[in-house]
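This report concerns only the one structure given below.
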Amino acid sequence: MPEKLKPSFYNFLFDLDDGKHLAFNAVTGAFVRIHEEDYEKTKALFSSPEDFVVNDESDRKLLEDAKRAKFIIDSDTDEFDLLRFRHNMGKYSSERFYLTVMPTLECNFRCPYCYENPRKGKMSPEMQQALVRWVEEKLPGCRGLGVGWFGGEPLLAFDVIRNLTADFIALCKKRDIQYTGSMTTNGFFLIPKIADRLEELSIKMLQVTLDGPPESHNARRVLRNGRGSFQRIIDNLTLICENYPDINIILRVNFDTQNYDSIPEIFGFIPDSLRLRSRIYFRQVYPPPQWWDKSTPTKTSAVPRDVGSLSFIHLEKEALDREFLVLLSNYSPSAGYCEADYVNHFVVDPDCNLHKCTVAFDEEHRIGHITPEGKAVMNMPLLAKWMLRETMERDNCRVCRILPLCMGGCGFTTLCNKGRNVCSTVNSENMAVENLKLLYRNKIIEESRKRQLNQPEPAEAAL
């Protein structure tokens, strides 16, 4: 009896400007180049697999490859049910425990668009002990612990990071589970004596922000005394790239109407050693959603919400033209939009209050706190609102081909909109295709970079 097959609802078949044919499946993340000689057959297969006739070995291989990558599926498969199942399994999994720890809210910068209220002080020894006790209680059943250091500027509390990391690693060794660390920092304190300690702290990823070329950056990301910070950050990151090849660097570039036009100039100020060891990530500056409806957009910033969306894709194209790797997220299978969608992810502030998002760490959105004895006292109604937003019940999500990429978008945006029907910033199929074109260019640059760094290359997939 012949198989009954159908094309996946989440297939994307499109061409690059140079005529190359590509196919992407949003559920599996399968991303392939289609050879010219197979293009017409592939289009016919994707359009009507039940009518596809296997005449020879190449036809059979094409069909089997398409089935394996889930471009073609059994006709009785309900992909939406599978997505919903993956969503629930992933967000309620306890296999991985992830913390974003803010050891201090103090900062040595005074960025005009910052939504945080910096305050002096850092996590006390008593709070550190409470956090470690809680983590020890949470680890049974986990396969890994990941900690991202955040702030304020986390390196202002470097002693807290050292102490907690030593305790976390000891707990993980005791249970024979993996520990990984990362850090979001302004980069000013990544001097040699700090960089030398990153390996023992198991910090494998650094995210550092640059606001364009020196003139723009130094007018926005200023020290408390008003001095600029661009060259010091570049020097620090270059040193790390040249001496610590296992540390991955993400360069986040913030932009708004004030500095957008100058952003491309930044490429000329980044040395090759840093370019070859980093990915670049462009983000428009907005006030956080809890302030959208207030008379003052944020507590400290005059950046309005309604300035319109500037073209980050234009910036990404320019970066790729300069052989920079671009960080393109949400194009591989996942159960949620970001860490906040997962029940086993928490943000911990210096007072051991618990939150779901680094933008939502005010009292109104606090989901709990850790007691001195290491027990979590949770605001269960608020946590339920975070975890039970009805992404899979929205009419616009159910019929959207990019649902597997955004999984309902930002949970905090939904929360601040009181459950009203909102859409992710990845809000159109056309935008998804444009990003996929960039992703393909990214992969070409990545292969070239690996050759330059003498790393093994992945084999190119093709139908």
Side-chain angles (χ1 to χ4, degrees), residues 86-103 123 127-128 130-152 154 157 160-161 163-185 198 201-207 247-248 250 252 281 327 329-330 332-350 352-361 365-370 374-376 378-379 382-384 386-387 389 407-412 415:
R86 184 169 78 187
H87 178 61
N88 287 324
M89 285 288 290
K91 75 177 183 178
Y92 293 117
S93 172
S94 61
E95 285 192 356
R96 183 158 180 80
F97 186 34
Y98 191 84
L99 298 176
T100 299
V101 180
M102 308 169 80
M123 188 178 289
M127 290 294 97
Q128 294 175 50
L131 175 57
V132 172
R133 291 188 185 108
W134 181 60
V135 170
E136 184 173 21
E137 183 181 278
K138 292 280 291 182
L139 282 183
C142 293
R143 294 185 179 180
L145 170 64
V147 175
W149 302 102
F150 198 78
V160 176
I161 295 173
N163 295 339
L164 286 174
T165 298
D167 287 336
F168 292 155
I169 290 176
L171 290 176
C172 289
K173 284 183 177 179
K174 180 179 177 181
R175 294 191 171 276
D176 194 26
I177 62 176
Q178 184 183 34
Y179 175 83
T180 56
S182 63
M183 182 182 293
T184 299
T185 168
L198 296 178
L201 297 174
S202 295
I203 292 175
K204 301 297 185 183
M205 190 278 287
L206 296 169
Q207 177 173 294
I247 295 177
N248 297 305
I250 296 174
R252 172 171 169 152
Y281 165 50
L327 180 64
S329 58
N330 296 92
S332 58
S334 64
Y337 177 74
C338 74
E339 293 92 343
D341 283 336
Y342 299 90
V343 73
N344 228 18
H345 167 262
F346 300 90
V347 177
V348 186
D349 73 17
C352 277
N353 295 309
L354 298 174
H355 317 263
K356 288 299 289 179
C357 172
T358 56
V359 179
F361 62 91
H365 298 99
R366 183 183 301 163
I367 62 166
H369 69 274
I370 303 170
K375 305 295 182 182
M378 305 299 293
N379 179 343
L382 181 56
L383 180 59
W386 277 96
M387 298 306 300
R389 63 191 181 104
M407 297 308 293
C410 172
F412 190 37
L415 203 67

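- Residues Val160 and Met123 approach most closely at CG2-O, 3.7 Å, considering heavy atoms.
- Nearest heavy atoms, Ala340 versus Met387: O-SD, 4.3 Å.
- Distance check: Gln128 CD to Asp167 CG gives 8.0 Å after rounding to the nearest 0.5 Å.
- Taking 4.5 Å as the limit, some side-chain heavy atom of Ile203 sits within range of a side-chain heavy atom of Trp149.
- Here the CG-OG distance, from Leu139 to Ser94, works out to 11.0 Å after rounding to the nearest 0.5 Å.
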Next on the checklist: Does Val343 form a side-chain contact (heavy atoms from CB on, under 4.5 Å) with Lys91? I'd like the steps, not just the answer.
Outcome noted: CA-CA 6 Å; Val343 73; Lys91 75 177 183 178; 6.0 Å; no
Checklist entry - Would Arg96 and Thr180 count as a side-chain hydrogen bond (donor to acceptor under 3.5 Å, both in side chains) if you check the C-alpha gap in whole Å, the side-chain angles of each, and the deciding distance to 0.1 Å? => result CA-CA 11 Å; Arg96 183 158 180 80; Thr180 56; 2.8 Å; yes
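- A parallel orientation is assigned to the rings of Phe412 and Trp386, their planes being inclined by less than 30° (bins at 30° and 60°).
- By the 30° and 60° cut-offs, the orientation of the rings of His345 relative to Tyr98 is parallel.
- In this structure, Pro154 and Ile161 have side chains that are in contact, with non-hydrogen atoms separated by less than 4.5 Å.
- Considering every non-hydrogen atom in both Val347 and Met102, the closest pair reads CG1-SD, 3.7 Å.
- Taking SG of Cys172 as the reference point, atom CD of Glu136 lies at 11.0 Å (rounded to 0.5 Å).
- Contact annotation: the side chain of Phe168 approaches that of Val135 to within less than 4.5 Å [non-hydrogen atoms, C-beta and beyond].
- Between the side chain of Lys375 and the main chain of Arg133, no donor-acceptor pair closer than 3.5 Å is present.
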Checklist entry - Is there a side-chain contact (heavy atoms from CB on, under 4.5 Å) between Leu145 and Leu171 once you walk through the steps? => result CA-CA 10 Å; Leu145 170 64; Leu171 290 176; over 6 Å; no
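- Between Met205 atom CE and Met183 atom CE the span is 10.5 Å, to the nearest 0.5 Å.
- Shortest non-hydrogen contact noted between Arg86 and Ala335 is O-CB, 3.4 Å.
- The shortest side-chain heavy-atom distance between Thr358 and Glu339 does not fall under the 4.5 Å cut-off.
- The CD1 atom of Ile367 sits 14.5 Å away from the CZ atom of Phe361 when rounded to the nearest 0.5 Å.
- A distance of 8.0 Å separates CZ of Phe150 from OG1 of Thr100, quoted to the nearest 0.5 Å.
- Within the 3.5 Å criterion, the main-chain N or O of Gly336 finds a donor-acceptor partner in the side chain of Tyr342.
- Residues satisfying the ring-ring contact (aromatic ring centres under 6.0 Å, His included) criterion with Trp134, sequence neighbours excluded, are Phe97, Phe346.
- Between Arg175 and Pro140, the shortest heavy-atom distance links the atoms NH2-CG, 3.4 Å.
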Next on the checklist: Please evaluate residues Leu382 and Arg366 with respect to the criterion side-chain contact (heavy atoms from CB on, under 4.5 Å), reporting the C-alpha separation (whole Å), side-chain torsions for both, the decisive distance (0.1 Å), and the verdict.
Outcome noted: CA-CA 8 Å; Leu382 181 56; Arg366 183 183 301 163; 5.7 Å; no
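- Heavy atoms only, all atoms of each residue included: Ser334 and Met407 are closest at O-CG, 3.9 Å.
- Side-chain atoms of Lys138 and Asn344, non-hydrogen and from C-beta on, do get closer than 4.5 Å to each other.
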Item to check | Stepwise side-chain contact (heavy atoms from CB on, under 4.5 Å) check, Leu206 with Leu198 | outcome: CA-CA 10 Å; Leu206 296 169; Leu198 296 178; 4.1 Å; yes
